[in-house]
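The next block holds one structure in the form of structure tokens; read it before the comments.
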Amino acid sequence: MAQATLLLPARTRLVGQALPDDVARALGRSDRSDTDAGERAQLRRQFQLVPDHWPIAALTRQRDAGDAAGARWLRADPVRVSPDMTGARMLAHGESLGLSAEDAANLLPALKPLFGDAGMPLDAPHPARWYLRLPLEAQLPEFAPVDDVLGDDLFAHLPHGDAGRRWRALLSEAQVLLHNHPWNAQRVSQGKPPVNSLWFWGAGALPDFVRTGFRQVKGNDVLLQALAQAAGVDASHAGGEGGVDALIDLRHLRNLDLLCRDALRPLLEALKKGELDTLTLDFEDGGLYALRREQRWRFWRRPLPRLDAGRPDHVPA
């Protein structure tokens, strides 16, 4: 059965404009429901991991270096923090720092002895993604995802208690090394943000299996590409048009007119012609819209004027 699913941003990021008439009619006749919100929940609706866990570091490590098997991995990503009255606020991380291979080559040698002596080698197969390799049996505290920390007080998200004491100490030492590093002074003199801290997150080992119902995955997101690779699915950059048996990542879109013109209308036409059996719109806030060709006979349902006007109970108006 030919299917296409669009990964979309939260509906609140696309509202404010009325839906075109043809799209409003199709969505008004769709099966609508609401489920768990958030990036993790959205991706886990499309990929099943066995055992059921979410080891982001191991998945992206396998994509970046192909050597993730046989170890537990932890991202130790470069970040920029700025002190304020209550602590230190994370202002940027990873790719938003604009790091090059030269940056990593200059900064990592200062940090490698610190983590190497602790039994966890540090390296960076990608300048924006740094990794710690740990034994499979290593016990780790709970680490907050980096996106949850961005813009907030760094110290409010550090692991607590005895389990987190070692990691708080390692972070503190790493911050001192980075703060005093001459390469950071050079970056600042060039108008670039300093790399003055790390953030530990995404711990885990590779899953035994990753499954998905799609033959193609289209998108630029690193984690999405890593999941597709683990599932043995062709992953490519997202284009404007959709395809069949495809998961298409459009979470970067914010313009409703663009979404309707370049994605929804071509796919609705494919649905109408019978080239597509099911089209699913999966929003990051948990909204799901399932569209099928036979829904065209639901003529009694009113068009959906806006994306935030969805009613999962389907009570006819």
Side-chain angles (χ1 to χ4, degrees), residues 37-41 53-61 72-99 103-104 106-124 126-134 138-188 191-204 222-223 284:
E39 179 192 24
R40 177 184 296 195
H53 63 316
W54 201 241
I56 292 176
L59 289 164
T60 59
R61 175 72 188 199
R72 186 171 296 273
W73 295 91
L74 182 66
R75 291 273 287 268
D77 284 349
V79 303
R80 179 196 178 185
V81 301
S82 179
D84 60 20
M85 293 181 63
T86 59
R89 196 167 299 276
M90 185 190 293
L91 300 183
H93 69 87
E95 294 190 12
S96 63
L97 291 167
L99 297 174
D103 290 311
N106 278 276
L107 292 171
L108 281 172
L111 297 169
K112 284 186 174 182
L114 170 65
F115 292 99
D117 290 347
M120 50 186 88
L122 171 71
D123 72 343
H126 186 282
R129 294 186 289 278
W130 299 4
Y131 296 88
L132 293 171
R133 180 187 180 108
L134 298 97
Q139 297 299 310
L140 297 173
E142 191 74 25
F143 294 103
V146 68
D147 286 338
D148 290 355
V149 188
L150 186 62
D152 205 355
D153 180 9
L154 197 77
F155 300 108
H157 296 273
L158 288 173
H160 300 294
D162 291 340
R165 182 179 296 114
R166 181 192 194 193
W167 295 97
R168 296 193 299 272
L170 284 169
L171 180 64
S172 179
E173 291 184 56
Q175 288 175 334
V176 171
L177 291 169
L178 289 168
H179 177 75
N180 295 321
H181 202 293
W183 190 258
N184 264 323
Q186 181 173 323
R187 279 181 59 87
V188 171
K192 300 176 182 178
V195 177
N196 53 10
S197 188
L198 303 176
W199 189 251
F200 309 122
W201 70 290
V222 171
L223 177 56
E284 193 170 351

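Residue numbers run from 1 in the order of the sequence given.
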Worksheet entry | Pro127 to Ala104 - nearest heavy-atom pair and separation | CA-CB, 4.4 Å
Worksheet item: Can you check whether Asn106's main-chain N or O pairs, donor with acceptor, with His181's side chain at less than 3.5 Å?
Response: yes
Practice prompt. Verify side chain to side chain contact (heavy atoms under 4.5 Å, CB included) between His93 and Asp147, making sure each step is shown before the conclusion.
Written response: CA-CA 9 Å; His93 69 87; Asp147 286 338; 3.3 Å; yes
Worksheet entry | Residue pair Pro194 / Arg80, side-chain heavy-atom distance below 4.5 Å | yes
Worksheet item: Looking at side-chain heavy atoms only, is the closest gap between Leu111 and Leu178 below 4.5 Å?
Response: yes
Worksheet entry | Heavy-atom closest contact (Pro78 atom, Leu198 atom, distance) | CA-CD2, 4.2 Å
Discussion item. Taking side chain to side chain donor-acceptor pair (under 3.5 Å) as the definition, give me every residue that meets it alongside Arg40, ordered by chain and number, with sequence neighbours left out.
Written reply: none
Worksheet item: Can you tell me how far the CZ atom of Phe115 sits from the CG atom of Asp123, to the nearest 0.5 Å?
Response: 12.5 Å
Item to complete: For side chain to side chain donor-acceptor pair (under 3.5 Å), just list the numbers for Asp152 and His157, CA-CA rounded to whole Å, side-chain angles, deciding distance to a tenth of an Å, and then say yes or no.
Response: CA-CA 9 Å; Asp152 205 355; His157 296 273; 2.9 Å; yes
Fill in: Separation of Ile56 CD1 from Trp73 CH2 (nearest 0.5 Å)
16.0 Å
Worksheet entry | Closest heavy-atom pair and its distance - Gly151, Arg89 | O-NH1, 2.9 Å
Item to complete: For side chain to side chain contact (heavy atoms under 4.5 Å, CB included), just list the numbers for Val222 and Arg129, CA-CA rounded to whole Å, side-chain angles, deciding distance to a tenth of an Å, and then say yes or no.
Response: CA-CA 10 Å; Val222 171; Arg129 294 186 289 278; 3.4 Å; yes
Discussion item. Rounded at 0.5 Å granularity, tell me how far CZ in Phe200 sits from CG in Leu170.
Written reply: 5.5 Å
Item to complete: Work out which heavy atom in Leu91 is nearest to a heavy atom in Ser82; give both atom names and the distance.
Response: CD1-CB, 3.5 Å
Worksheet item: What is the distance from atom CG of Asp162 to atom CZ of Arg165, rounded to the nearest 0.5 Å?
Response: 4.0 Å
Discussion item. I'd like to check Trp199 versus Leu158 (side-chain heavy atoms, cut-off strictly below 4.5 Å). Are they in contact?
Written reply: yes
Fill in: Straight-line distance of Tyr131 OH to Arg61 CZ, nearest 0.5 Å
7.0 Å
Worksheet item: Within a strict 4.5 Å, meaning less than it, do heavy atoms of the Val79 and Val149 side chains meet?
Response: no
Worksheet item: Between Arg168 and Gly161, is there a donor-acceptor pair closer than 3.5 Å when you use the side chain of the first and the backbone of the second?
Response: yes
Worksheet item: Going through the checks in order, is the side chain to side chain contact (heavy atoms under 4.5 Å, CB included) test met by Leu107 and Leu177?
Response: CA-CA 9 Å; Leu107 292 171; Leu177 291 169; over 6 Å; no
Item to complete: Indicate the atoms forming the closest heavy-atom contact of Ser96 with Ala92, along with that distance.
Response: OG-CB, 3.5 Å
Worksheet item: Which residue pairs satisfy the salt bridge (charged side-chain N to carboxylate O under 4.0 Å, His left out) criterion with at least one member in residues 170-187, sequence neighbours excluded?
Response: Asp103-Arg187
Worksheet item: Is any side-chain heavy atom of Trp130 less than 4.5 Å from a side-chain heavy atom of Leu108?
Response: yes
Discussion item. How long is the straight-line distance from CG of Leu114 back to CG of Leu122, given to the nearest 0.5 Å?
Written reply: 9.0 Å
Worksheet, complete the sentence: Sorted by chain and residue number, the side chain to side chain donor-acceptor pair (under 3.5 Å) partners of Asp77 (sequence neighbours excluded) come out as Arg75, Trp201
Worksheet item: If you count the non-hydrogen atoms of other residues, nucleotides and ligands that lie under 6.0 Å from NE2 in His160, is the total more than 12?
Response: yes
Worksheet item: Side-chain contact, heavy-atom cut-off 4.5 Å: Gln175 with Asn196?
Response: no
Discussion item. Quick check: do Leu154 and Ser197 have side-chain heavy atoms less than 4.5 Å from each other?
Written reply: yes
